[in-house]
Every structure is written in C-alpha cells, then in structure tokens.
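Contents: one structure, followed by commentary.
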There are 2 protein chains.
Amino acid sequence: MPAPSHATEATRRAILDAAAELLAEAGAERLSIREVCARAGVTAPTVYHHFGDKDGLVLKVLEDSFTAFVQTVDALDKPQDPIEALARAWDGYVAYGVAHPMHYRIMFVRLAHTTPIPAATAAFQRLVDVVSAAEAEGLLVPPLEDACKAFWSAMHGVTSLIATGYLPPDAPASALVRDAVIAHITRPRDGARRPAKTKRSKP
Amino acid sequence: MPAPSHATEATRRAILDAAAELLAEAGAERLSIREVCARAGVTAPTVYHHFGDKDGLVLKVLEDSFTAFVQTVDALDKPQDPIEALARAWDGYVAYGVAHPMHYRIMFVRLAHTTPIPAATAAFQRLVDVVSAAEAEGLLVPPLEDACKAFWSAMHGVTSLIATGYLPPDAPASALVRDAVIAHITRPRDGARRPAKTKRSKP
DNA sequence: GGGGGGGCTGTAACAGCGTTATATTTTCCA
DNA sequence: TGGAAAATATAACGCTGTTACAGCCCCCCC
C-alpha cells in the first residue's frame, strides 16, 4: 500500500470540503452526491472509491467536525477554579453550536451514536475531564457519571434549541440553566462565596 | 364542497396511520411515499390529492403528534403547589419523549419551526401556563420568558438525549437537571422547606 | 527504459425516489 | 337519471444513490 500521492489526497480534501460546505448549507438529507461532485470537480465513482457510500462520506465530514470541536474546546483557557472551568466549558460548547448550527445538529442529533467516532469519544472525554476536576477537589455532589450526564443534557438542550433556531444565540436562558446545573452538581468551596443568582430588581 | 364521505375519510386515516407508523420506525427522511401507499393500500396520486406533497403529509402527522402530546400533558394531574406542578410537568414531558422517541425527534428537532403548527403553539402554551402559575404566587425569580426558555431548554436536552439513545430512559440526570432548574428559577415559599438535593453519603 | 500492475477516475446504466399530466372511476346532488 | 365534481389509478419525468465496466496514469521493478 503506497503512500497516497498529493493529487489523490487533494481530491479527497476537495470532496470533503465540498461535502462539509453543502452539509452546513442544506443538511444531511438534502446533501446530494452529484452536487458534491459538481463542486469538487470529480465524478461519482471517485467519491464512492474514497468513501464507500454517502453515509461514509458524511461520517468522515463529521469526524472532521468533531476534531474541530475538540480543538475549539482545547483552545479555551482553563480557569484554575474547577467551578469556573465548568462555566467556561459550557460557554465554549454553546459557542460551537452557535457558530456551526447545522453541523452541531447532525453531530449530536442525527448521528444518534450509530457508529463510534473516535473524535466524538475524545470530545466526551473533555467533558468528563472538566467535571472530574471538580470532583478531585471534593466539589462534586452527585456521582461523577450522573453529574456528567446532567451537565451534558442541560448544555445540549440549550445548544440544540439555539442551533435549530428556537432560541436566539444570546438567550439569557443559557446562563440561567448553566448556573442552575453547576450550582446543583457542585458544593461551594469552604469559605468561598457562590456567585449570586441573576436577579431582576422588581420595583 | 360536499362533506367528505366516510370512505374518503377512512383512506385519509389509513394514509396518516401508515405514515405515522413508518415515521416512528424509520424517521422522516427514510419515509417513502411508495411504502406508505403499499401499507395503506392506495396509490401515489391519492396521497398527493389529500396532502399535497410529502412535507404536507409529514406535517399532518406531526399535527396529530402535537395534539396527542397536548392531550398527554393535559391528562396529567396538576398538583396545587406550583413548584410541584413544575416537576410533574417535567416528568410528563420527558415521559412523552421516552414513549415516542422518533416522533419527538422530528417534532422538536427536524421541524425547526419552519411551519407554524397550532397544536405546537398550544403545547408551548401549556409550558407557559405552568410556569406562570409559579409566577402568580410570587415564586419566580427570573422574568417569565427567561424562566420558560430555561425550563424548556433543560427539559428538551434531557428528553432529546434519551430519545436519540444517548441516555437511558430512567437516567438520574433527568431528576438532577429538573431539580436544579426548578430550584434556580423559583424561590422557596415562605416557611416552606425546599426539598434537599440528592446527596450521596460519603464515608 | 520499458513493461506491467494497481490505485484512481470517467462512462453509462440500474433501481428507486418524489412528483405530476392524464385518464378513469366513483360519488353525490339536482 | 344525468352530470359535475371529487377520488383514485396509469404511466411517465427527472432526480437520487449506487455500481459494473473500461480506461487512464502513476509508480515499482526488472
């Protein structure tokens, strides 16, 4: 198996880029192989030679999306305080969904864990890590697994409603749910003051 | 325009039932008009005569789903205490997603409010009502709109992860997020004790 | 340098899809 | 009973994903 030449690798990338672009525009079901071919300047059998079938192509695009997602998360600065780190991770997660709504929808909704994607498990590991950091300092109330799932559920709820257009990107609901979940799965550090709830002054 | 005969109404129902069944089995993109026709014992133009096109058919199925959803919610008993009513509404909402995962996914994810559905706004109104009940007794902290969106976001996050198979139906995360959000958007009634967090005894 | 083999790409076709123009039957009212 | 309108069927169009087949081209080895 010789190393792939530059030309063939360029073809692969052209197809993947066209597919990713089309996926973001129209969604997975409206993505057409022929349209991908037209944009990438290749013909159908080339796509099938490289990616097997349409699902294989979409899967590879999603792998790239998950990789980019992990890189986005890793690029965030990590506050020392584990609880602040949770809030930062939340905001970073939601920001990715705001920036790439269609990809987010396909990654976390349409996919529905039919095929294991390494980058996807890596992404979930980042979540476990940031929650574990709170646990390591004795700041976690429920078991780690429950806390992770609760955190992810709430985060996903906010993000998916934004990604589908039900909520505006800057909805106060995001911070509201974020603070609620963080407050509920963590205990205040000894001697530290928990940040107050966001309140509205009522005359 | 004569009233539709029993026969024609029966074919409508046969088509709708077949479509709803197929939708729950395979999802919207894999629903095929021809398969619906085969199951309902009709031919394609009949479907197009009654529902316009495939989207129209799916839309009608979703209308029925939303109506059933509202009926399910309305059938729940409503505790006097607004905060307990919030928890009950949460559980009812999640239970519907558990019972009809594919329909839930299509109703709240794929649809993405492209077309207004009266029954859908009625469903949202039920949510507003139960949150308003808490506000009416002065138990709400954030503005009503923010509280509704936060409540819905968290509820949808839990439900959609269950509906897509990421979380088991009886995940403790549901109760965890539920209690977190309710605790955060409401204030304790004077003289009432807020139910304690679920804690694990640590030796 | 020249075969030659194998990965890569194009041609042309198939079955299935949503959709519709047209024709035919059925139904209901005057 | 006649006739109009609603309801259904036939057959076809263009599109889709997919693939058998054939040719190209690059790279390795003699």
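All chains are named by letter (A, B, ...) in the order of the sequence lines, taking the proteins before the strands, and each is independently numbered beginning at 1. Remember, predicted model here, so these are calculated numbers, not experimental data.
- With D:dT16, D:dT19, C:dC17 as the candidates, the nucleotide lying closest to the side chain of A:A44 is D:dT19.
- In this pair, A:F108 and A:W152 present their aromatic rings perpendicular. The plane angle is above 60°, beyond the 30 to 60° band.
- With B:T46 contributing its side chain and B:V42 its backbone, the two residues share no donor-acceptor pair below 3.5 Å.
- Scanning atom types as modelled, no donor and acceptor separated by under 3.5 angstrom connect the side chain of B:R34 and the base of C:dG16.
- The separation between A:K54 atom NZ and C:dA15 atom C1' is 16 Å, rounded to whole Å.
- Nearest to the side-chain atoms of A:H49 among the listed nucleotides D:dA20, C:dA21, C:dC8 stands C:dC8.
- At least one side-chain nitrogen or oxygen of B:T11 sits closer than 4.0 Å to the OP1 or OP2 atom of D:dT8.
- Remark: P of C:dT20 and CG of B:L57 are 14 Å apart, rounded to the nearest angstrom.
- Ion pair A:R88/A:D81 not flagged as a salt bridge, since none of the NZ, NE, NH1 or NH2 atoms sits closer than 4.0 Å to an Asp/Glu carboxylate oxygen.
- One finds a salt bridge joining B:R178 and B:D91 here, because a Lys/Arg side-chain nitrogen approaches an Asp/Glu carboxylate oxygen to under 4.0 Å.
- Spacing between atom OH of B:Y48 and atom C1' of D:dT10 amounts to 15 Å, rounded to whole angstrom units.
- Environment of CD in B:E25: crowded, with over 12 heavy atoms of neighbouring residues, nucleotides or ligands closer than 6.0 Å.
- Across C:dT11, C:dT19, C:dC8, the shortest atom-to-atom separation from the side chain of A:H50 is found for C:dC8.
- For the pair B:T46 and D:dA9, the criterion of a side-chain N or O lying under 4.0 Å from OP1 or OP2 is met.
- Spacing between atom CZ of B:R30 and atom P of D:dG17 amounts to 14 Å, rounded to whole angstrom units.
- Taking the side chain of B:T43 as heavy atoms from C-beta on, and the options C:dT9, D:dT18, D:dT10, the nearest nucleotide is D:dT10.
- When each of C:dG10, D:dT8, C:dG18 is scored by its nearest atom to the side-chain atoms of B:S32, the top-ranked nucleotide is C:dG18.
- Atom CG in A:D53 sits about 5 Å away from atom P in D:dT18, given to the nearest Å.
- Rounded to a whole Å, the CG atom of B:L22 is 11 Å from the P atom of C:dC17.
- When heavy atoms are screened at a 4.0 angstrom cut-off, B:L31 is found touching the sugar-phosphate backbone but no base atom.
- Protein atom CZ of A:F51 is 10 Å distant from nucleotide atom P of C:dT9, rounded to whole Å.
- Counting to the nearest Å, the C1' atom of D:dA9 and the CD1 atom of B:I15 are 13 Å from each other.
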